[in-house]
Amino acid sequence: MIPKLHYLSQATTSAAHLENIQKACSSGAELVQLDLEHIDGKDHLKLAQEVLKITAHFQTRLVIKTFYKIAHEVKADGIYLEQNDACPTLAREELHPWQTIGATANSLEECKTLLTKEVDYIGLGPFKTTSETTSKALGKNGYILIAEDLNTETPLIGFGKITTEDVTDILATGVSGIMVAKAITADFNTIKTFNELLGASSTDEMRHTFK
């Protein structure tokens with residue numbers, strides 16, 4: 001079961017990553033993706049181990065972006081691969097059998113290719129144009145066309161400048177969840193709102209009442 005809300009920690013220092021992830025977990029995040037891109041390579045393992053202590057305490061899933069060998073060593077819950085990262089099939093050989101693999105797609109054809117590589121979920125985007133990618137924004141219509149054509153049980157997780165105002169429209173397309181970085185980092189209280197809009201499991205648990 002892939003959580004519907006993925007928080008992407010994209011900090012530029014280890015201290016900022018730890019602070020952001022602590023706040024995200026205490027605010028109800030079900031899955032955290034650790035982006036090590038801006039961290040010195042010699043610090044990758046130590047940071048991943050420190051982050052895992054936090055996520056384990058809160059029973060939050062930890063996914064490590066790109067560096068699948070680090071994910072294997074610390075026994076994170078999974079990895080996430082960008083298009084220029086390792087092939088999912090290759091990475092799978094280096095992982096524990098229970099670790100999940102998510103990967104990025106910007107088009108229908110890229111989604112179909114990833115499905116042949118048996119990824120556990122697809123990060124589909126960008127939903128809106130971003131400064132981080134030159135790919136064309138897919139928008140609501142793009143999501144609908146891709147989801148209908150694929151007709152797959154593999155979860156599609158949208159990304160690309162998504163805010164709380166976009167969630168209802170996105171869920172109507174067949175995309176089942178979202179990845180969010182900046183909107184959550186700017187205000188960790190939005191995690192509760194995102195969870196409510198997504199109907200995430202943590203929200204269901206909070207609403208449960210005994211009769």
Side-chain angles (χ1 to χ4, degrees), residues 1-11 13-36 39 43-81 91-92 94-103 119-123 153-159 162 164 167 170-171 175-210:
M1 190 73 178
I2 304 299
K4 295 181 179 181
L5 179 62
H6 299 205
Y7 168 58
L8 281 55
S9 182
Q10 300 176 318
T13 67
S14 293
H17 271 303
L18 293 169
E19 181 180 356
N20 288 347
I21 290 169
Q22 174 80 30
K23 289 179 178 178
C25 291
S26 61
S27 298
E30 288 188 81
L31 184 150
V32 167
Q33 183 187 127
L34 174 62
D35 184 351
L36 295 166
I39 304 301
D43 296 323
H44 284 180
L45 180 59
K46 181 181 178 182
L47 176 57
Q49 290 170 332
E50 290 298 315
V51 168
L52 186 63
K53 292 177 184 177
I54 297 172
T55 56
H57 174 77
F58 287 94
Q59 295 186 317
T60 300
R61 297 190 203 186
L62 173 62
V63 168
I64 294 179
K65 180 181 171 186
T66 305
F67 296 94
Y68 58 88
K69 292 183 179 180
I70 296 289
H72 176 272
E73 184 160 353
V74 303
K75 297 183 179 178
D77 294 277
I79 63 167
Y80 186 80
L81 301 171
R92 177 75 72 187
E94 301 287 337
L95 296 174
H96 299 286
W98 45 266
Q99 289 179 304
T100 61
I101 297 180
V119 297
D120 295 289
Y121 62 97
I122 295 172
E153 293 184 4
T154 300
L156 302 176
I157 309 294
F159 71 86
I162 294 172
T164 54
V167 175
I170 289 173
L171 291 181
V175 169
S176 59
I178 56 174
M179 299 180 186
V180 182
K182 292 181 180 178
I184 288 177
T185 303
D187 181 3
F188 287 94
N189 291 322
T190 58
I191 288 176
K192 180 181 178 181
T193 304
F194 276 118
N195 279 337
E196 289 173 348
L197 291 166
L198 290 162
S201 60
S202 60
T203 307
D204 295 337
E205 290 166 4
M206 286 189 293
R207 287 178 176 173
H208 182 76
T209 57
F210 292 96

Problem set entry | Closest approach of I162 to M179 (non-hydrogen atoms, all atoms of both residues) | CD1-O, 4.4 Å
Problem set entry | Flag side-chain contact, heavy atom, 4.5 Å: I178 against F159 | no
Exercise. Which pairs count as side chain to side chain donor-acceptor pair (under 3.5 Å) when at least one residue sits in residues 50-61, sequence neighbours excluded?
Worked result: E50-K53
Exercise. Is there a donor-acceptor pair under 3.5 Å between the side chain of N195 and the backbone N or O of G28?
Worked result: yes
For this session: Kindly say whether V119 contributes a backbone atom to a donor-acceptor pair with the side chain of R92 at under 3.5 angstrom?
Result: no
Exercise. Counting only N and O atoms by type, is there a donor-acceptor contact under 3.5 Å from the side chain of D120 to the main-chain atoms of I101?
Worked result: yes
Problem set entry | D187: salt bridge (charged side-chain N to carboxylate O under 4.0 Å, His left out) partners, not counting sequence neighbours | none
Exercise. How many angstroms lie between CG in L8 and CG in N20, if you round to the nearest 0.5 Å?
Worked result: 11.5 Å
Problem set entry | Contacts of T154 that satisfy side-chain hydrogen bond (donor to acceptor under 3.5 Å, both in side chains) - sequence neighbours left out | T152
Seminar exercise, completed: All heavy atoms of I191 vs all of A29, minimum pair found to be CG2-N, 3.8 Å
For this session: Output all residues satisfying side chain to side chain contact (heavy atoms under 4.5 Å, CB included) with Q49, sequence neighbours left out; order by chain, then residue number.
Result: L45, V74
For this session: Please report the C-alpha distance between Y7 and F188 in whole Å, then the side-chain angles of each, then the deciding distance to 0.1 Å, and finally whether the side-chain contact (heavy atoms from CB on, under 4.5 Å) criterion is met.
Result: CA-CA 10 Å; Y7 168 58; F188 287 94; 3.8 Å; yes
Problem set entry | Minimal non-hydrogen separation, A76 against L62, with atom names | CB-O, 3.5 Å
Problem set entry | Exercise: identify the closest heavy-atom pair between A11 and A16 | CB-CB, 3.5 Å
Exercise. Side chains of V63 and L34: does their closest heavy-atom pair fall under 4.5 Å?
Worked result: no
Exercise. Any side-chain heavy atom of V32 sitting closer than 4.5 Å to one from C25?
Worked result: yes
For this session: Quick one: list whatever passes side chain to side chain contact (heavy atoms under 4.5 Å, CB included) with K75, sequence neighbours left out.
Result: H96, W98
Exercise. What heavy-atom pair brings I70 and I64 nearest, and what distance separates the two atoms?
Worked result: CG2-CD1, 3.9 Å
Seminar exercise, completed: E19 meets the salt bridge (charged side-chain N to carboxylate O under 4.0 Å, His left out) criterion, sequence neighbours left out, with K23
For this session: Enter the distance from T13:OG1 to I39:CD1 here, rounded to the nearest 0.5 Å.
Result: 6.0 Å
Problem set entry | Residues forming a side-chain hydrogen bond (donor to acceptor under 3.5 Å, both in side chains) with T190, sequence neighbours excluded | none
Seminar exercise, completed: Per side-chain contact (heavy atoms from CB on, under 4.5 Å), L36 is matched among L47, T66, D43 by L47
For this session: Identify the two heavy atoms, one from P3 and one from E30, that lie closest to each other, and give their separation to 0.1 Å.
Result: CB-CB, 4.0 Å
Problem set entry | Which residues share a salt bridge (charged side-chain N to carboxylate O under 4.0 Å, His left out) with D35, sequence neighbours left out | K65
For this session: Would you confirm whether Q99, through its side chain, and I79, through its main-chain N or O, come within 3.5 Å as a donor-acceptor pair?
Result: no
For this session: Identify, with sequence neighbours excluded, every residue that meets ring pair (Phe, Tyr, Trp, His ring centres under 6.0 Å) alongside F58.
Result: none
Seminar exercise, completed: Output for pair (L156 CG, S176 OG), nearest 0.5 Å, gives 6.0 Å
Exercise. With sequence neighbours excluded, what pairs up with H6 under the ring pair (Phe, Tyr, Trp, His ring centres under 6.0 Å) test?
Worked result: Y121
For this session: Could you list the residues that satisfy ring pair (Phe, Tyr, Trp, His ring centres under 6.0 Å) with F67, not counting sequence neighbours?
Result: H44
Problem set entry | Residues that Y68 engages under side-chain hydrogen bond (donor to acceptor under 3.5 Å, both in side chains), provided they are two or more places apart | none
